[in-house]
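Bear in mind the structure is a predicted one, so any value in this text is a computation, not a measurement.
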Amino acid sequence: MLYTIVKQNSYQDSVNLMLLTNKISTMEGIIKVQIMMGTPANKDILKAAGLYTDELEAAASNDMCIVVDTESEEKIQEVLDEVDNYLNNQAISAGKEAFETVRSWDKATNALPGANLAIISTPGQYAAEEAEKALDRDMHVLIFSDNVTVEDERRIKEKAHEKGLLVMGPDCGTAVVSGVPLAFANVVKTGKIGVIGASGTGIQEVTTEIDRLGAGVSHAIGTGGRDLSEKIGAVTMLDGIKALAQHSQTEVITLISKPPAKEVRDEVVQLLQSISKPVVAIFLGEEPHNHEGNVYYANTLEETAAIAVDLIKGNPIKPNYNTLQGEVPAVELKPEQKTIKGLYSGGTLGYEAATLISRGLNYDNTGHHEEGYLLNANGFEVIDLGDDIYTQGKPHPMIDPDTRIQYFQKAAQDESTAIILFDLVLGYGSHEDMAGALIPGIEKIQKDAQAKGKEIYFVASVCGTDQDPQDIDEQKTKLAEAGVILRDSNNQAILTALAMLDIQIEEVQKEVVPAKETATVEITVSEAIQKLLTEKPNVVNVGLKKFTEAITANGGRVVQYDWRPVAGGNPRLRQILSVLR
């Protein structure tokens with residue numbers, strides 16, 4: 001039976017409520033539970049989950065909605081006690097924080113007069129409005145939120161460009177500015193390689209590989225995944241490249257992008273070839289066979305980092321960086337075990353896996369994908385479990401292991417599965433011990449398979465550094481002790497998994513050829529962008545409070561804007577108030 005409790009004016013951020021939902025779902029006697037704010041989008045999720053009740057009809061966006069499916073009415077009080085206990089602990093924790101918390105933009109700028117960057121992680125329908133408020137206060141913006149319309153993205157990026165400001169995002173998962181990690185980011189050594197990417201975990205993989213290879217990063221600018229689309233036109237990418245080109249401490253520029261629109265790609269490449277600094281570029285999904293002048297094209301994220309480090313160190317550029325390293329583990333497989341299941345928390349890491357596995361299979365994976373899959377061919381599957389289709393009402397798999405464990409189990413039930421391939425992404429924002437959380441599920445799968453007289457192999461890479469809040473060596477040790485085959489990069493993990501099934505990828509030998517002649521591009525960078533790249537940022541954090549930790553721990557200053565929907569989220573009242581301001 002469904003029971004519904006609506007707590008009026010009890011706003012909490014979505015991550016807190018997702019984690020609270022997970023905690024209560026483990027209570028004995030609870031069949032199903034969902035705790036969400038009463039936004040229209042969340043009500044749709046509750047309807048899809050079969051948890052919608054009449055009591056939710058009147059709930060506003062500021063109201064916390066608790067829906068419990070249980071056979072015992074007495075369980076409801078236990079649930080409410082647990083909710084109150086959790087929220088009280090959150091309040092106690094907030095009282096110990098080393099930064100100020102405010103409830104309006106004016107109070108935020110008064111508390112931190114030099115604020116020059118806003119991080120926006122509100123629900124998507126409000127993010128563009130809050131980003132514009134930040135731009136009006138002459139702040140750069142990182143929009144972590146997704147579900148922002150293309151039209152809103154284009155408008156706010158054009159506005160930022162005209163004001164000499166940067167908008168990173170929407171759906172920008174990571175950035176590093178002047179040594180300060182922002183959102184889901186790793187702690188990497190400071191150095192001379194500037195990174196700009198339309199990809200969150202792509203930036204994380206490349207920057208952590210740069211760190212592992214002994215070099216460092218000046219800045220890592222995220223643009224959001226749609227920036228190189230035809231409708232956006234690479235507004236942030238172009239401004240970011242110019243900024244890094246003018247930044248004296250950046251000696252090599254590294255660019256990361258998922259497949260761009262052709263016209264946009266051409267414009268970006270023209271700019272890259274017109275600047276004097278060497279550039280390493282990867283357009284995921286492409287298979288370049290040459291470098292062009294000062295622009296070095298990579299086939300994998302690992303190669304992207306390796307070329308950048310060799311350029312910084314003055315080493316000769318190798319014709320190929322993608323050779324499988326180390327011995328191929330011996331396997332014992334049943335005749336039907338012929339496939340790999342890639343289950344990723346990082347979208348770009350998953351995309352790289354889908355691309356490389358497709359090449360190994362000689363399969364054209366460039367067309368339309370079945371919903372929820374990056375690759376689904378002949379039993380080979382690659383899934384980005386951080387995609388919206390898997391995270392509605394649930395924490396991202398970098399935060400919570402439950403979805404991944406479920407898909408591990410599903411993959412193991414497929415008789416064709418030989419190898420389960422996955423990533424483990426460390427850094428601020430991610431689970432404090434993801435290896436420890438995944439291992440019980442991995443060990444159960446291995447034990448069940450062995451009881452049936454077969455083996456299922458797990459192959460993984462850990463994206464992180466020894467400076468991250470998690471202990472990377474401890475994470476690797478736990479996985480290795482559980483029998484997981486570990487490699488130093490996502491590329492090496494993929495190549496290893498393929499080689500275990502006797503599948504090879506043809507190695508591409510590249511050479512440097514002259515660049516096409518391009519017109520000189522005049523590069524001007526605003527004072528506001530120059531300041532962003534020369535000083536630690538002063539941040540107004542609008543939304544998820546967990547993003548403050550990385551800023552304060554790495555020398556930045558932050559004020560927490562304890563955001564609530566205006567007018568209870570009522571669209572008509574919000575519009576009226578906006579006009580009256």
Side-chain angles (χ1 to χ4, degrees), residues 193-199 201-203 205-206 209-210 213 223 225 227-229 234 237-238 241 244 252-275 277-312 315-325 348-367 374-375 489-492 494-495 498 504-518:
I193 300 173
V195 179
I196 183 162
S199 155
T201 52
I203 290 177
E205 177 79 350
V206 169
E209 280 293 295
I210 288 170
L213 294 170
T223 69
D227 193 70
L228 275 77
S229 67
M237 179 66 76
L238 294 169
I241 291 169
L244 293 173
V252 172
I253 297 172
T254 300
L255 181 150
I256 307 160
S257 175
K258 294 174 185 174
K262 183 183 182 304
E263 298 80 5
V264 177
R265 182 194 187 282
D266 292 344
E267 185 178 3
V268 168
V269 170
Q270 182 180 2
L271 174 60
L272 296 177
Q273 292 178 341
S274 73
I275 63 181
K277 295 179 180 179
V279 178
V280 187
I282 180 169
F283 295 100
L284 285 152
E286 294 185 7
E287 193 172 9
H289 286 74
N290 288 302
H291 307 302
E292 295 180 1
N294 70 313
V295 182
Y296 298 83
Y297 292 102
N299 293 61
T300 66
L301 297 167
E302 179 185 36
E303 182 182 23
T304 305
I307 294 174
V309 171
D310 275 345
L311 287 168
I312 281 293
N315 297 332
I317 301 303
K318 301 171 188 173
N320 174 50
Y321 286 82
N322 293 307
T323 303
L324 175 61
Q325 299 165 7
T348 304
L349 300 176
Y351 191 91
E352 181 174 55
T355 300
L356 295 178
I357 292 171
S358 297
R359 287 177 189 165
L361 299 175
N362 294 314
Y363 174 76
D364 183 359
N365 194 42
T366 58
L374 297 171
L375 170 68
S489 69
N490 188 49
N491 176 45
Q492 290 298 319
I494 298 160
L495 293 178
L498 288 169
Q504 308 297 324
I505 295 178
E506 183 181 351
E507 295 182 5
V508 176
Q509 307 288 322
K510 291 196 281 285
E511 62 181 21
V512 179
V513 300
K516 299 172 185 175
E517 289 190 16
T518 58

Asks: Quick one, Val512 and Tyr296 - any side-chain contact, counting heavy atoms below 4.5 Å?
Replies: yes
Asks: Between Gly194 and Leu244, which heavy-atom pair has the shortest distance, and what is it?
Replies: C-CD1, 4.0 Å
Asks: Find the distance between CD1 (Ile193) and NZ (Lys277) and round it off to the nearest 0.5 Å.
Replies: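 Interatomic distance, Ile193 CD1 to Lys277 NZ, rounded to 0.5 Å: 12.5 Å.
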Asks: For residues Leu213 and Ala306, report the shortest heavy-atom separation together with the two atoms involved.
Replies: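 So the two residues come closest at CD1-CA, 3.8 Å.
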Asks: Rounded to the nearest 0.5 Å, how far does OG1 of Thr348 lie from NZ of Lys258?
Replies: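 Between atom NZ of Lys258 and atom OG1 of Thr348 there are 4.0 Å.
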Asks: So which atom in Ile256 and which in Met237 form the shortest heavy-atom distance, rounded to 0.1 Å?
Replies: O-CE, 4.1 Å
Asks: For Glu267, does the CD atom have more than 12 heavy-atom neighbours from other residues, nucleotides or ligands under 6.0 Å away?
Replies: no
Asks: Quick one: are Lys510 and Asn299 in side-chain contact, heavy atoms under 4.5 Å?
Replies: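 A side-chain contact exists here, since the closest heavy-atom pair is under 4.5 Å.
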Asks: Would you say Leu301 and Ser489 make side-chain contact, with heavy atoms under 4.5 Å?
Replies: no
Asks: How far does CG of Asn491 sit from CG of Asn322, to the nearest 0.5 angstrom?
Replies: 5.0 Å
Asks: With sequence neighbours excluded, what pairs up with Thr254 under the side-chain hydrogen bond (donor to acceptor under 3.5 Å, both in side chains) test?
Replies: none
Asks: Could you walk me through whether Glu507 and Asn320 pass the side-chain hydrogen bond (donor to acceptor under 3.5 Å, both in side chains) check?
Replies: CA-CA 7 Å; Glu507 295 182 5; Asn320 174 50; 3.1 Å; yes
Asks: Taking the side chain from Glu352 and the backbone from Asn490, do they hold a donor-acceptor pair closer than 3.5 Å?
Replies: no
Asks: Contact between Val280 and Val206 at the side-chain level, heavy atoms closer than 4.5 Å - yes or no?
Replies: no
Asks: Please answer whether the main-chain N or O of Gln325 pairs with a side-chain N or O of Gln492 as donor and acceptor at a distance below 3.5 Å.
Replies: yes
Asks: So which atom in Pro316 and which in Tyr321 form the shortest heavy-atom distance, rounded to 0.1 Å?
Replies: O-OH, 4.0 Å
Asks: Going by side-chain hydrogen bond (donor to acceptor under 3.5 Å, both in side chains), name the residues that satisfy it together with Glu286, two or more places apart in sequence or in a different chain.
Replies: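 Glu286 satisfies side-chain hydrogen bond (donor to acceptor under 3.5 Å, both in side chains) with Arg265 once adjacent residues are dropped.
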Asks: Taking all heavy atoms of Gly285 and all of Arg359, pick out the closest pair and write down the distance.
Replies: O-NH2, 3.7 Å
Asks: By side-chain contact (heavy atoms from CB on, under 4.5 Å), which residues pair with Asn315, not counting sequence neighbours?
Replies: Asp310, Lys313
Asks: Taking all non-hydrogen atoms of both residues into account, name the closest pair between Val508 and Pro288 and its distance.
Replies: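 What the structure gives for the nearest pair is CG1-O, 3.5 Å.
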Asks: Test side chain to side chain contact (heavy atoms under 4.5 Å, CB included) on Ile210 and Ile312; report intermediate values, then the result.
Replies: CA-CA 11 Å; Ile210 288 170; Ile312 281 293; over 6 Å; no
Asks: About how many Å separate CG of Leu228 and OG1 of Thr223, when rounded to the nearest 0.5 Å?
Replies: 6.0 Å
Asks: Side chains of Thr355 and Asn365, heavy atoms from C-beta outward: is any pair under 4.5 Å?
Replies: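 They are not in contact (no side-chain heavy atoms under 4.5 Å apart), so the answer is no.
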Asks: Quick check: do Val269 and Phe283 have side-chain heavy atoms less than 4.5 Å from each other?
Replies: yes
Asks: Distance check, rounded to the nearest 0.5 Å: Thr300 atom OG1 versus Leu495 atom CG?
Replies: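 Between atom OG1 of Thr300 and atom CG of Leu495 there are 8.0 Å.
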Asks: Is there a side chain to side chain contact (heavy atoms under 4.5 Å, CB included) between Ile307 and His291? Walk through the geometry before answering.
Replies: CA-CA 11 Å; Ile307 294 174; His291 307 302; 4.0 Å; yes
Asks: To the nearest 0.5 angstrom, please state how far the CG atom of Leu356 sits from the CG atom of Leu284.
Replies: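 Output value for this atom pair is 9.0 Å.
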Asks: Using side-chain heavy atoms (C-beta onward) and a distance below 4.5 Å, is Glu287 in contact with Glu506?
Replies: no
Asks: Under 6.0 Å from the CD atom of Gln509, do we count more than 12 heavy atoms belonging to anything else shown?
Replies: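 Result for CD/Gln509: enclosed.
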